[in-house]
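The block underneath contains the structure these notes are about, expressed in structure tokens.
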Amino acid sequence: MTLAILGPELAWYLALAGCLFAIGSLGVLLRRSPLIILLSLEIMLNGANLALIAFARAHGQGRGQIFAIAVMAVAASEVAVGLGLIVAMNRRKLPLDVDRLRFLRG
Amino acid sequence: MGNFIVWVVWFSAAFACIGSAVAVVTFSNPFYSALALIGNLASLAVLYLLISAEFVAAAQVLVYAGAVMVMFLFVIAYLGGEEETPWAGGPTWQTIGAVGAAAALLVEVIVAVGLKAGGRLSDEASVGGSFGSPAQIGRLFLTDHLLAFEITSIVLLVAAVGGVVLGHHEKGPHDWGSAAPKETP
Amino acid sequence: MISGAWICLVAPLAGAILITLAGNRLSRTGAGIVATGSVAVAFGGALVSFFTMLGKPGHDRSELSTAWTWLGAGNFHAGLSILVDPLSVFMMLVVSGVGALIVGYSLGYMHSESEERRFFAYMALFVFSMLLLVESGNLLLLLAGWGMVGLCSYLLIGFNQERPAAIAAAKKAFVMNAIGDGTIALALFLLIQHTRTLDYAATFARIGALDNRWVVNLIALGLLGGAVAKSAQLPLQTWLPDAMEGPTPVSALIHAATMVTAGVYLIVRCHPLFEAAPKVQDLAAGLGAVTLLLAGLIALVQTDIKRVIAYSTMSQIGYMFLGAGIGAYSNAMFHLMTHAFFKALLFLAAGIAIHALANEQDMRNMGGLGRLMPFTRWMFLIGSLALVGLIPFSGFFSKDSILAAALDRGWYGAVLFAAGIVGAFLTGLYTFRMYWLVFGGQLSPFAREHAHPGHGEGPRTMLWPAAVLGLGAAVAGWIQFAPFWHPVSDFLSVVAEPLVEPTGWQEFTASALAMGLGLAGIGVAWIFYGARRAAVPRVAGLQRLLEHKFYFDEAYDLAFYRPAAAFARFLLGEVEAPLVHGTTAEIGETATFAARRLHRAQTGLLRTYVLAMAGSLAILAVVFVVVR
Amino acid sequence: MSWVTFLLIFLPLAGALFVWLLPLPRNATGGFALLVGLGEIALWIFALVKFDFGAGGLQFDQHRTWFSDLNVSYHVGFYGFSLWLAGLTVVVLTAAIAYALWAGRERPRGYFGLMLFLTGSIVGVFTAQDLLLFYVFWEAMLIPLYVLVGVWGGTNRVRATVTFVIYTMAGSLLMLASIVVLGLSQGTFDLVQAGTNSSPWIFLGFVAAFAVKAPLFPLHGWLPDAYRESSPEVAAVLSGVVSKAAAYGFLRIAIAKFPEPVHDFRVPLLVLAATGLVYGSLCAFRAPDVRGVIAYSSLAQMGLITIGLFAGNSFGYDGAVLQMVNHGLISATLFLLAGMIEARTATGDFALLGGMARGRPALATLLMTTGVIALAVPLSTNFAGEFLILTGAFLQAWGWAVVGAVSIVLAAMYMLRLISGVLHREVGGAVGPEDRDLRPAELAVVVPLVACLLALSAWPAAISDRAFARHSAKPTSRIVVTLSNGRSDGGLGPYDAGAQP
Amino acid sequence: MIHRPHVDWFLLAPSNSLLAASAICLLGAVLFPAGARRTATAVVCAAGFVTAFVFAVLLFIKSPHPHQDIGLAVIRDRWGALSAMIIAGAGFLTVLLSARERMKNDHIGEYFALLAAAGGGMAFLGMSFNLITLFLGLEWFSICLYVLCAIGERERSLESGLKYLIIGSFGSAVLLFGLALVYGATGEINFEAIARATTAQGLRGDALLVAGLAMILTGLAFKASAAPFHQWTPDVYEGAPTPVTAFMSAATKTVALVLTLRVLTTAFPQEARLWTYTIAAIACASLAIGNIAALVQNNVKRILAYSSISHAGFMLIAVAANNALGARALMYYLVPYSAMSIGSFAVLAARERELGRAVTIDNLGGLFGWERPFLGASLALFMFGFVGFPPTGGFVGKFYVFAAARDRGWTWLIIVGVAATAISLYYYLGIIRALFMRPSGATRLAPAGGSPPREWLIQGSVLLCVGVTVGSFVFVQPLIDVARHAAAALPL
């Protein structure tokens, strides 16, 4: 059974991926809570994943999907480390506000 | 007709996706943001299904929405809901710059896609029925992308160790030497 | 012949080195003896050369000897070589002979000084330098000797190191002479450019072949500049009176007998060059004439005994320049010799007086010394008469023949002659003004206070040289009496054939006029200073003009020194500090400013960092898509 | 014979390592360094005796590939003029070490090690026959200088070192750029093999480095501070030897490899040099202290040497080489003497000095002798050098020589001011009766230098006639050919053939 | 039937030995007695790096011809092997530095495990040959480094860790999107295949491809801490434990640059026009910003951070040259650079432990340079090396980089480099000034109560660094031969 593509073409998917990526980066750029920044990063990665999967479909290859799955794992890893950091910071009574993390500056 | 349904599904998923993404970014409470992200992930999974990526969609729901987000929610709960006024703080140029940069990126991607669409993007390949099935993915993972599979596991392992190291509750003061001085910020 | 010349050259240098190296191991007197001895050896060497030379025929009397190549570049080579010919032997004799006497005199004169060793080392070095100058076998070495005598002059004028006036005078002398060195050097560059050598013979041979008058004139002018500076002629004369800050033997040896006359030697030595540039030669004669007048005038109002003698030296060298300028080379040289005798004598006699009066040099504090020191008085008188040029003293024979030669040069010669005889009048006037001020009249209170009649006039080492010189001043002129016998001219003509040959009538006219005016000068001096029949007339403006030496010092100060100093200050203050150093500082500040701006961009705010990345990425991506 | 070159470079470097690594006792360190210095002198004399001046050309050369893909090699050797400059280096450096030994320096191991390192690198500069190797030694020279000035200098030493190093590095980095471009365009970095080049930019890169190091007006901003703030022996090395490396660079690289740019830039360079000559002389004339006078006179003298180098004829070249050695010895001696004076009076200010001649005959004699040689009194070797240079300049165009002659008068003015400011006049405020004459150790440092000067005065042709190959009987060296390839505008034609085969 | 792809275990040996060491360390963190834990895990970790180094050397020797393996995901060539050697060497030195770092004992095992794992990831990344392995390798060592940065659990460490994590993840996301676009444009993930596809399908200048390229460049430049993607560097370097900083400055930079050149030349040769100019611009920006910003810093670690930014600029000149000479120059440069970098951080670590506080220009002064002549002189040597003075490899490195730029015909890049070096003098020499030229007694030697005993491990590592720094100057030929062989693996 072969499947032709139904519905929106690749360009639509890519535009959506771009939107996600942009929204995610807006979150990183504008939010101060590290938690929300981590969430925004997830959105960015998902945008990339969407693009990968769309391309995989477009090229009819599995590689893109493999890539996307690997990315998921990576995203999970990043989240794990990030959350660990946030917990550690909370324990040290550090503010959970990236704007107040300014001990390190020139 | 099938096509039309696909379009409808696509659009609802896409709107849900963007809406939830915007919600993630704008909610002041991280807890709600996390919940919105779950929605986002779910709607993405729907989109994945539309382009025959069943396994990925499943993984998305299971791994992401299931495991990762649960972790998030646990931490948020542990920290207590610290609310943050979404757009406050930071200089104005930061906001303007951020919006500008994000918009430029978006426009750029869309332009790139648009330029490309005139050329090759439209002639998508037809794929076999097993495309995107767990079996195919598994086969790929064990043949061509064996290494990717292994490394993914290493990354996860490393992250786990890291998470443990960082999240691990410290038992006492530094036990290396006695003269460890106090930091003066 | 040549070995004598080498001995003559090296002996004083050896003496100087010996004294320097021996340091304290040599007693002060010992140093003096070494110096005197070495100069005496030099004189011996000169005599040997002289007599060997006399035994040779005229055309064979020139010999060049090169020790080694002193300087070389490419194909140009200048050897460390000496030239022995009648002219150089003549000068060697004068320099080492008079030198030996004066250095011997210093033994007594400098006895009380604490740094005699240095003095004698300098003296010996000077004699060496002077001998190098006169013996040099090429123009480069001549310039070397030229500079070295300037250096020694500097060292000796400034011998009295604690006296600021002495140091200032020494520096002035050196710098003035350096100007002369510079013009000579420029002349040498031209010579190298156009004749490709600095050896006398080759240079002179090739200079004739040069078509370019300008070049020849410039070369002669450059040499003349050096001569003028060294011989204290207008316009570079101002250093000589100041140089009297040096000890009296120095004045006698350097600033009367030898070094200052080097300019004359240079003109005679390089006469082919000057003859190729007759305009410059005329200029030399003219400068000599003007100088002899101006110096004579200034000498009228000076109160320092040594300065009067110094001005008279300038004046007499003016005569020599006049002579050399009109081509009467041997006459000029002859006058150089006799002048060496009588001027050294005058200085030595003055030195005895100064020595006796605790180094007082102001004539107004002297007076009546004649009774106190009869020997000195007689010596001084002999010197004065020779200076004025009264027969039969030496000055008569030499000076008058120069004037006679001037008569042989047409209208220009006549002008020069007129200047010369006016100068003769002035000479008589200022010389005997000095004589009577110092030796005539009653013993001055100052002299009475300081002089000690019981002790004699001075140590024998001082008196004997004066006596020898006195003899020379009296009789040395006899060896040549122009119309009748002229061995000096014959001897020297091998080197420098005179351009003028005055007739007997001219000789007579010149002698008569010069001697008459000289006597008139003496007479006037007698009226004002000897017999004091009349008060000295005062013309305030003129007096001030003369006392300020025609404002040459002031003019130079205003025209050169002050601008140079001001310019240097300006450079240090307005260029060096703000521009050269300021630029560095400014670059540093700009960098630091930029650094602070960048530092401010490093906010520590994570979001700005991400924004920078995102912004850059956006720009990069847009550019890529646009350019691709 | 190439081992002589090798030893001349590496003996002091090895000595430096030895001093740094082995804990020698305090006094032994300096003694050891001095011994190495004397060994260097002996080696150099040996090289001098063995050198065939008649043949000229590169001798005692040694060649090892350093890295082959860009044709960079360790290639060292001596030309006539480099041999003389190397001699200057070992003599002055040894005197400096001896002076430091006498004066006693803090942390002697560091100090003497650096001095030895400096010796080796300067000799390296004068022998390197590979562009990159030249640059390596050139930069290696800067490290010890930086530390020597910065650690053992005066109160304002830090500012002095910063200006000094940044100035010089700015220049030498441009040279590095030029070296890269030149070497790659030639396909080799070997100076002997490389041909000439006509790019004005590459030329200017080299000129920048040399002009800063020399220094040429107006790039001398680092000079007064560096010369004033460093310890006397380091100032002696700086002005005596290090500046000569720049002049050497002009000669060996800028002139030998860039005939056309040299021709095109001759006038601007001569203008800069002449300006520096007069400017330095004037500044020296007004400088308020001993070292200021010497420092600015150094600027003037380097201007003069540069005039000679760019006069473009054998007078200029020979005279410049002679003058490099002269000025090296003179300014080193003067700085050491200034140090000895400062050691007694703790100041170099003319307002506080004076009258030191009385009762101090050795000091007076030495300072006087050096001073008068410095002001180029005729018959001194300095005179010989200046005469040749100015002749060369005159042959190029008469105006340069007139400027030079003016500067001779100015030199007399400032040098006499220095001499009388220290030795003469009334006894200065800082001079006490307890300040004694030079001690035997000090004499042992300075007298040999003065003796060298006097010996050279007797026979300047020893250098001026032996800087380049003299006779064409044997195949002439490349440097000579190269040098003469540069159009000589002296207008003398065959007369200027001194530098030609 | 699943065809197991051929697996060249030898190729993976460097990474695997480090992974093994990491695993042992992890086990040791649990199993070893607390007292011996530090020493034992350090020894294991060091052994892992040594083994990795040996394997990398063997790999280098035995891989004269590039060969792709394991599903064309990695490549066995000398380029990767040499980078693995540098990384392993840097890691080994870092272990020496870390051995007695003030750190909680209960995480020391994990620390060494993560260090080894990070090294393994870098070694792997040097050999990665498709987009997936590229991304995964990058994340592999990045995640290790995030944790290592934060592991000190001091406030600063945590802050630096969080900053690094967030910015790093942002960079990864950008890189990933770029990779996705490239994949989408060509349908290939293997580097060579991408280039082939570009040619075959006429994709030169394709919008998706170049947009992806821009994003990839951003991601890689971020890892190399090149301006304007550099701002995290000073903060993270300052906050991270000094040994980790040392490791990052040497190894991360190595792998990022090596990878950049590999990706750009193998996957995007057709876009060379775009990326050479971009890299050149980035290099210039890094040189300018890195050097100028360092002028007013007081914290020595920050100065070194800016210095590392500027050196990234220098090495990017070599990348921008896009020729064989540039590749050689890059590989050569990395060796002395890594040694100097780790060496200077080692000295800082020593001083830090004496003081018990961050090292600034002010408290570097006093008698440190003289009291600890070896450390002082070594630090001075490293600074001279950073400037590019002989006799250090830094000089030859700069020379090669300039030569590469010249070979490309870009003399203006040389001028920029030269100007940057001139500026950099000020702060490098400022450190030397602080070391040796301050009046004594300005600062007390060790405010933290007595000077601790000399640490032979640190001294040893500094000595090794000095050896490499000077040795790479003297023995250029063998090193450059090695670099040439390595560069031969790239299609230049």
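Here is how names work: the chains are called A, B, and so on, in the same order as the sequence lines, proteins then strands, and each is numbered from 1.
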Would you check if C:Val627 and E:Tyr277 make a side-chain contact, meaning some heavy-atom pair closer than 4.5 Å? no
Under the salt bridge (charged side-chain N to carboxylate O under 4.0 Å, His left out) test, which residues partner C:Arg562, sequence neighbours left out? C:Asp557
Is any side-chain heavy atom of E:Ile292 closer than 4.5 Å to a side-chain heavy atom of C:Arg597? no
Residue part contacting chain C, namely of E:Asp206, when any heavy atom lies under 4.5 Å: backbone
I need the E:Asp235 CG to C:Gln602 CD distance, nearest 0.5 Å. 5.0 Å
Drop me the distance from C:Leu617's CG to E:Phe170's CZ, to the nearest 0.5 angstrom. 7.0 Å
Is the side chain of E:Gln231 donor-acceptor paired with the backbone N or O of C:Val610 at a distance under 3.5 Å, no angle test? no
Heavy-atom distances under 4.5 Å only: say whether E:Arg204 touches chain C with side chain, backbone, both or neither. neither
Most contacts with chain E, counted as non-hydrogen pairs under 4.5 angstrom, among C:Ala614, C:Ala612, C:Ala595: C:Ala595
Against chain C, label E:Phe222 side chain, backbone, both or neither, depending on which of its atoms sit under 4.5 Å from a heavy atom there. side chain
Can you tell me which of C:Ser616, C:Ala594, C:Gly615 forms the most heavy-atom pairs within a distance under 4.5 Å of chain E? C:Ser616
Once rounded to the nearest 0.5 Å, what's the spacing between atom CG of E:Leu217 and atom CG of C:Leu620? 6.0 Å
For E:Ile166, is it the side chain, the backbone, both or neither that has a heavy atom under 4.5 Å from a heavy atom of chain C? side chain
